[in-house]
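Structure record follows, encoded as structure tokens.
Starting from 1, each residue takes its place in the sequence as its number. On a predicted model such as this, the values are computed, not experimentally measured, just so you know.
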Amino acid sequence: MTSTVPNAVQHTDAAAPPITMFGPDFPYAYDDYLAHPAGLGQIPATGHGQEVAVIGGGLSGIIAAYELMKMGLKPVVYEADRIGGRLRTVGFDGCDPSLTAEMGAMRFPPSSTALQHYIDLVGLETRAFPNPLSPATPSTVVDLKGESHYAETIDDLPQVYRDVANAWNACLEEGADFSDMNRALRERDVPRIREIWSQLVARLDNQTFYGFLCESEAFKSFRHREIFGQVGFGTGGWDTDFPNSILEILRVVYTEADDHHRGIVGGSQQLPLRLWDREPQKIVHWPLGTSLASLHGGEPRGAVTRLTRTAGNRITVTDATGDIRTFRAAVFTGQSWLLLSKIDCDDALFPIDHWTAMERTHYMESSKLFVPVDRPFWLDKDETTGRDTMSMTLTDRMTRGTYLLDDGPDKPAVICLSYTWCDDSLKWLPLSPQERMEVMLKSLGEIYPNVDIRSHIIGNPVTVSWENEPWFMGAFKANLPGHYRYQRRLFTHFMQDRLPEDKRGIFLAGDDISWTAGWAEGAVQTALNAVWGVMHQFGGASDPTNPGPGDVFDEIAPVELPED
């Protein structure tokens, strides 16, 4: 593991199967489903060419549209902003176009094996991401309470950090059967995964992350909890997650979602854009050379303003131009709150319990600011100490996390001056990009008093606050204690045979619907669930040798807690 406070104990047996996002809530092998030569399934010829609305052109929406197109349906993609959603890569005005900034998703774990299927499919490359103390990071500085520690490995940090690491490991073992679950996930031992997780869900659904720490003998020290919150594990401090359900955190550590991260060379937005343009070689009904782009004349339709049910239990979509179309099925992949605010919706679209689940969705804010620089000057050595001039930085100052990104010693580079969450993100909201940069440079100047960062900046900063983006309500969903039942309703919505007949036809997918919010793998998995649901509605079926998520649902369904 690569972190300032290492994650829980790892299996060291080289022959052990790799960890993947196989559960724990719904242990279905999406990667095997995608890789099977039989494909995802097929629909009757009577459905070929029929339109299906796909609302939202983020990763989940584009994958759903791509797979439905391959089955012979005609997806009609609606996108209010730009293709990519939170896979958003931007450049810097007036700078080398190779310099880019990842405003949303920027690092992906190898355990995201369904996501990797699509990365490989479109021919993208990945490389190690410079997280704290990872092998791709030359050095890390941890700066807390005005005291800085320079480290190239965990052993370079004071003993208290190793004590906190040991406390976290002990906490996971004692309170969450970490090693047992890790082994079961590696071996894809479905009965054991379900046995462990059902007990944990029943016991921990009402517990916060912070409460879980406090209940552990290993974390009785407030000082240890404070350091853990500020420095955390994997990608940095996790105190912004302290109010969230501990179940959210366990999903991350069990599946190593916060470890061994890789970035997509050239930017993550290339993935949905390449899928948009891709002409699949195996496609039903449509001629070879068909792509999502060609079906749409190059551009998706615009923002959806109204969703209603109409005669025959159809879904009627009105867009910003006033165009009205009616569909036999629709897939909604945007953030759920849009259905409560920006989009005028018919109450009959969903059962009341699903509306409640959407209303109770909790979003985490997030902000970033990047600047382009002339070269990776941080690799220069200090003549006195022999240390790197500047390092990947974790701090309790306003910047919180600073990442250094380069393509080689003699090329222009990029600094993510600050990456923050929740309350830390809201502190930046009133400030312009230039004002944000000034505050960040001041904070970093206190950590690196002999480094003139400003002299290396070659362009204007670019920034994002996801809670302030017009078609977003925050960076991503994060369940609070007691929200498990709500999340289960949303995730299982694709199993529409269980819904009243007048509540079928629109399928939820995307980050909000996933058990692993904030990770692109969840967007992929819920897209595939929706694809299965639409296929099923059109009278189609999976190949018997490659059953889909709905075909095996009853065997692996998420834990169902009592409602009384």
Side-chain angles (χ1 to χ4, degrees), residues 53-61 64 76-88 103-104 243-244 300-310 315-325 327 330-367 421-423 425-426 428-430 464-480 482-483 485-487 489-491 493 503 505-514 517-518 522-523 526-527 530:
V54 178
I55 302 164
L59 182 62
S60 192
V76 178
V77 177
Y78 293 83
E79 172 51 49
D81 187 5
R82 68 198 84 181
I83 291 174
R86 281 191 303 106
L87 270 63
R88 181 185 297 182
M103 309 310 282
N244 293 335
R301 302 195 64 80
V304 169
T305 59
R306 192 159 190 259
L307 283 171
T308 59
R309 284 192 182 275
T310 44
I315 306 299
T316 297
V317 180
T318 305
D319 69 19
T321 69
D323 182 72
I324 302 173
R325 297 191 186 194
F327 303 88
V331 180
F332 183 85
T333 68
Q335 290 187 327
S336 299
W337 278 4
L338 295 175
L339 296 170
L340 304 167
S341 56
K342 283 238 177 188
I343 301 173
D344 179 16
C345 289
D346 183 349
D347 286 347
L349 284 174
F350 303 99
I352 186 61
D353 283 349
H354 288 72
W355 280 117
T356 300
M358 286 186 271
E359 191 276 331
R360 300 307 299 162
T361 298
H362 168 67
Y363 293 104
M364 291 185 68
E365 304 88 353
S366 179
S367 67
W421 304 93
C422 295
D423 289 353
S425 177
L426 292 176
W428 297 112
L429 201 53
V464 68
S465 292
W466 284 100
E467 57 275 17
N468 201 39
E469 288 295 288
W471 290 92
F472 294 85
M473 306 292 179
F476 55 79
K477 175 267 301 177
N479 283 325
L480 296 173
H483 280 196
R485 294 169 179 84
Y486 300 140
Q487 190 61 51
R489 291 175 203 165
L490 297 178
F491 180 84
H493 180 253
K503 295 294 185 288
I506 183 167
F507 296 83
L508 297 170
D511 187 73
D512 288 7
I513 311 308
S514 163
T526 54

### Query
Just wondering, do Glu469 and Arg88 contact through their side chains at under 4.5 Å, heavy atoms?
yes
### side chain to side chain contact (heavy atoms under 4.5 Å, CB included) between Phe332 and Val304, intermediate numbers included
CA-CA 10 Å; Phe332 183 85; Val304 169; over 6 Å; no
### Query
Is there a donor-acceptor pair closer than 3.5 Å between any side-chain N or O of Gln335 and the backbone N or O of Met473?
yes
### Task
Measure from the side-chain N and O atoms of Trp471 to the backbone N and O of Leu338, and report whether any donor-acceptor pair falls under 3.5 Å.
no
#### Entry: Student check: side-chain heavy atoms of Arg301 and Val317 closer than 4.5 Å
no
### Query
What are the two closest non-hydrogen atoms of Ala475 and Trp421, and how far apart are they?
CB-CZ3, 4.1 Å
### Message
Using a 3.5 Å distance criterion without hydrogens, assess whether the side chain of Arg325 forms a donor-acceptor pair with backbone atoms of Asp319.
### Response
no
### Query
Atom OG1 of Thr361 and atom OH of Tyr486: how far apart are they, to the nearest 0.5 Å?
10.0 Å
### Message
Does any part of the side chain of Ile315, heavy atoms only, come nearer than 4.5 Å to the side chain of Leu349, both counted from C-beta?
### Response
yes
### Query
So, the side chain of Thr333 versus the backbone of Gly56: is there a donor-acceptor pair under 3.5 Å, distance only?
yes
### Query
Side chains of Ile55 and Val331: closer than 4.5 Å at any heavy-atom pair?
no
### Query
Hey, does the side chain of Glu467 reach the backbone of Ser366 with a donor-acceptor pair shorter than 3.5 angstrom?
yes
## Note on the structure
Heavy-atom closest pair (Arg86 atom, Gly518 atom, distance to 0.1 Å) is NH2-CA, 4.2 Å
### Task
Any chance you could measure Thr526, atom OG1, to Phe491, atom CZ, to the nearest 0.5 Å?
7.5 Å
### Query
Is the backbone of Phe476 close enough, under 3.5 Å, to the side chain of Asp511 for a donor and an acceptor to pair up by distance?
no
### Message
For Asp512 and Ser336, which I'm curious about, is there any donor-acceptor pair between the side chains at under 3.5 Å?
### Response
yes
### Query
Ile83 versus Val77: any side-chain heavy-atom pair under 4.5 Å?
no
#### Entry: Leu340 backbone acceptor or donor facing Glu359 side chain under 3.5 Å
no
### Query
Does a side-chain heavy-atom distance below 4.5 Å link Pro470 with Asp81?
no
### Closest approach of Ser60 to Gly510 (non-hydrogen atoms, all atoms of both residues)
OG-N, 3.3 Å
## Note on the structure
Between the CD atom in Glu365 and the CZ atom in Phe472, the distance rounded to the nearest 0.5 Å is 15.0 Å
### Task
Hey, could you give me the CG/CZ distance between Leu508 and Arg489, rounded to the nearest 0.5 Å?
13.0 Å
### Message
If I compare all heavy atoms of Ser514 with all of Lys477, which pair ends up nearest, and what's the gap?
### Response
O-NZ, 2.9 Å
### Message
Checking the side chain of Thr305 only, and the main-chain atoms of Thr318 only, is there a donor and an acceptor separated by less than 3.5 Å?
### Response
yes
### Message
Which heavy atom of Gly474 sits nearest to which heavy atom of Tyr363, and what is that distance?
### Response
CA-CB, 4.3 Å
### Message
Taking the ring centre of each residue, are His354 and His493 less than 6.0 Å apart?
### Response
yes
### Gap separating the OG1 atom of Thr316 from the CG atom of Asp346, nearest 0.5 angstrom
9.5 Å
### Query
With distance as the sole test, does Trp355 use its side chain to make a donor-acceptor pair with the main-chain N or O of Asp347 at under 3.5 Å?
yes
#### Entry: Gap separating the OG atom of Ser425 from the CH2 atom of Trp466, nearest 0.5 angstrom
11.5 Å
### Task
Check Ser465 against Leu429 and note the closest heavy-atom contact, atom names and distance.
CB-CD1, 3.7 Å
### Message
Please check: side-chain N/O of Ser367 versus main-chain N/O of Val464, any donor-acceptor pairing under 3.5 Å?
### Response
no
### Task
Please test His362 against Asn244 for side chain to side chain contact (heavy atoms under 4.5 Å, CB included), starting from the C-alpha separation and ending with a verdict.
CA-CA 9 Å; His362 168 67; Asn244 293 335; 3.7 Å; yes
